[in-house]
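Single-structure report; data block below.
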Amino acid sequence: MSRLPRCLNNLWLTLLFGATAAWAGYTADLDALVKKAEPRTPAPTLAVETPITRDVYRKTGMSLFDGNLKRLADYYIKQTPPYNNASFHLDNALWLARMYKITGESLYAEQSVQFLYQLQKLLANPPADRRNLGLSWEKAVDLWRIEQYLKGHAAYTPQAAALVRQFAQYALPAFPEGREEYGAFNRSFHLAVSAEALLTLNPNVKDAAKFRRYADTIWNYWWQFRDIDESTDHYTALWFRYLLTWIELRKCEKEFWTDAGVKKLMERHLYYVTPMGAFPHVSDSTGWNVTWGHWVHILEACATHYKDGRYKWAARRLYAYGSSRIEKLGSWSYTGEEACWSLLNAADVADDAIAEKSREKDVTMLLRHAATMSTQAEVRQARQFLHLSKELGPDKLVFTGGSGPDAMSLLVDIVGDAGHSHARRPTLLALTDKQSVLLMSLGYMDRNAEDHNMAQLSDYDGYPYDNTPYHIKSTNNLMQGATAFDCGTVGFGVARVGNY
């Protein structure tokens with residue numbers, strides 16, 4: 001058996017005896033601590049059933065509530081002083097309001113309002129530690145939702161409605177001059193949809209004209225192109241979530257869903273879904289298939305509005321794959337809590353009468369509106385990273401060996417300049433077969449060429465290293481053209497890249 005060097009043994013003994021001495025001087029009233037401790041519940045398990053229907057989406061989405069919040073709500077409502085986290089109280093109020101809307105149980109509406117009053121108490125008598133007292137801009141949207149769910153219930157009194165408006169103004173006390181951003185991407189949409197919700201709740205808030213002008217500017221810009229300037233599964237799903245909320249707030253759902261440009265945007269993302277049911281990891285992403293719940297909602301909305309079974313096929317594949325592979329609901333918000341919330345959204349819009357239908361293309365090249373990246377000076381002046389163009393450019397090459405869950409599939413990145421893109425092209429983003437991931441591209445912090453599935457060309461100096469800074473236009477790996485052909489039993493694609 002190997003032995004540690006004497007110096008390390010001595011160090012280990014010193015640490016051990018030092019810790020023992022510290023323990024000896026520590027005393028605590030364990031009974032008092034146990035009484036004060038927050039109640040712990042078993043980790044909620046995901047309720048998964050087949051065949052997949054809107055009721056299954058709803059039951060799965062409610063798993064998080066039934067297994068966790070439902071048991072803890074009474075404890076936190078009665079806690080004095082209130083739990084020191086402003087967002088926590090609003091999150092609980094939102095979930096309880098949603099459960100009232102779904103189940104009709106009056107208790108949930110009453111508890112939702114009680115959380116609003118807990119937040120009022122917290123802000124009226126803030127603790128010394130004020131780090132968790134702020135609310136993000138998007139909480140204005142949550143507050144608008146709470147009103148939609150509770151409106152008409154006796155517990156939602158004029159006083160409660162006044163609190164909702166007060167908290168929305170607290171989240172956005174004034175227009176964030178100098179911090180706003182422009183363009184068709186997730187952060188601009190975050191502020192724009194939050195401004196829309198704030199103005200819907202109270203049209204006469206401070207800086208109302210500035211909020212209105214900003215929201216209309218962002219909407220009018222994206223509507224020119226009906227496209228997003230980002231290339232990433234994670235942020236694109238978030239952007240779509242904002243967008244689907246925004247069309248409700250602007251009351252333009254009919255115009256939106258009947259627009260040909262919007263339909264092209266949706267169809268492009270339909271082809272990202274692998275036959276086994278995963279939405280691949282693209283550039284700045286945070287893990288394989290993490291936003292599966294959001295995409296189920298987006299695709300079910302498309303299936304219903306377009307009466308198109310291809311979207312139903314993709315949504316159900318995503319649900320089957322995501323729900324059967326999630327480790328636990330509490331592991332991370334995107335895979336758990338946010339997925340459950342989006343599944344509730346999917347249940348609201350899904351139409352079970354629409355039959356699944358396979359996509360008609362096995363090999364295709366996806367197109368998007370080309371974008372031009374701003375210089376650093378332009379970003380500082382105009383606060384816009386990318387400018388979309390009316391011209392279309394390449395986005396992804398898609399190859400699939402059929403529509404069955406065991407079919408082989410390959411997604412290749414050939415996008416030009418785009419937000420949150422690593423500009424590594426061509427990259428094999430995802431190669432899957434028989435429901436296994438054979439290759440996947442890395443994301444976020446892993447931005448270098450060697451972190452992606454690219455051909456590496458070695459010369460006398462070794463492999464070339466591209467340390468292009470984040471959000472700086474790369475002069476390497478420039479797309480010069482791409483195409484794809486479906487030759488029946490064989491798929492064929494070409495991507496021509498310059499300055500590789």
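Only heavy atoms go into these numbers, but all of them, side chains included; no hydrogens, no water, no symmetry mates. As the structure is a prediction and not an experimental result, all values here were calculated from the model.
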Nearest atoms (heavy-atom pairs only) where [X] meets [Y]:
X: F115; Y: A93; answer: CB-CB, 3.9 Å
X: M373; Y: A418; answer: CE-O, 4.4 Å
X: A315; Y: L299; answer: CB-CB, 3.9 Å
X: A86; Y: G134; answer: CB-O, 3.9 Å
X: W295; Y: A237; answer: NE1-CB, 3.5 Å
X: W219; Y: L243; answer: CZ3-CD1, 4.0 Å

Ring centres under 6.0 Å, that's the criterion: do [X] and [Y] meet it?
X: F175; Y: Y214; result: yes
X: W246; Y: W222; result: no
X: Y156; Y: Y100; result: no

With K210 via salt bridge (Lys or Arg N to Asp or Glu O under 4.0 Å) - residues at least two apart: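 With neighbours one apart ignored, the set is E177.
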E356: salt bridge (Lys or Arg N to Asp or Glu O under 4.0 Å) partners, not counting sequence neighbours: R316
Main chain of [Y], side chain of [X]: is a donor-acceptor contact present, judged purely on distance under 3.5 Å?
X: S231; Y: S421; value: no
X: R383; Y: Y182; value: no
X: H89; Y: L116; value: no
X: R165; Y: L201; value: yes
X: D229; Y: L388; value: no
X: R325; Y: N289; value: no
X: E248; Y: K251; value: no
X: S188; Y: F185; value: yes
X: R368; Y: G416; value: no
X: H369; Y: F225; value: yes

Is the shortest heavy-atom distance from the side chain of [X] to the side chain of [Y] under 4.5 Å?
X: M440; Y: P280; result: no
X: D284; Y: H234; result: no
X: Y170; Y: L163; result: no
X: S194; Y: E138; result: yes
X: L367; Y: R268; result: no
X: S87; Y: L135; result: yes
X: Y57; Y: E300; result: yes
X: V56; Y: T53; result: yes

Parallel, tilted or perpendicular, as decided by the 30° and 60° cut-offs, for the rings of H190 and Y242: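 Rings of Y242 and H190: parallel, under 30°.
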F240 and H269 aromatic ring geometry - parallel, tilted or perpendicular at 30°/60° bounds: perpendicular
Rounded distance (nearest 0.5 Å) linking atom [atom1] of [X] with atom [atom2] of [Y]:
X: T50; Y: I52; atom1: OG1; atom2: CD1; result: 7.5 Å
X: E230; Y: L386; atom1: CD; atom2: CG; result: 8.5 Å
X: M266; Y: D308; atom1: CE; atom2: CG; result: 12.5 Å

Would you say the side chains of [X] and [Y] form a donor-acceptor pair under 3.5 Å?
X: H420; Y: S283; result: no
X: Y321; Y: Q435; result: no
X: T232; Y: S285; result: no
X: Y272; Y: D395; result: yes
X: R241; Y: N186; result: no
X: T60; Y: Y319; result: yes

Basic-acidic side-chain contact under 4.0 Å: D91, K139: yes
Basic-acidic side-chain contact under 4.0 Å: R145, D142: no
Test side chain to side chain contact (heavy atoms under 4.5 Å, CB included) applied to R58 - qualifying residues, sequence neighbours left out: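 Listed in chain order: R54, D55, M62, I102, L344, A347, D348.
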Crowding at NZ, K390 (>12 non-hydrogen neighbours, <6.0 Å): yes
The single option from T274, T400, T432 passing side chain to side chain donor-acceptor pair (under 3.5 Å) against S409: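 So, applying the side chain to side chain donor-acceptor pair (under 3.5 Å) to S409 and each of T274, T400, T432, only T432 qualifies.
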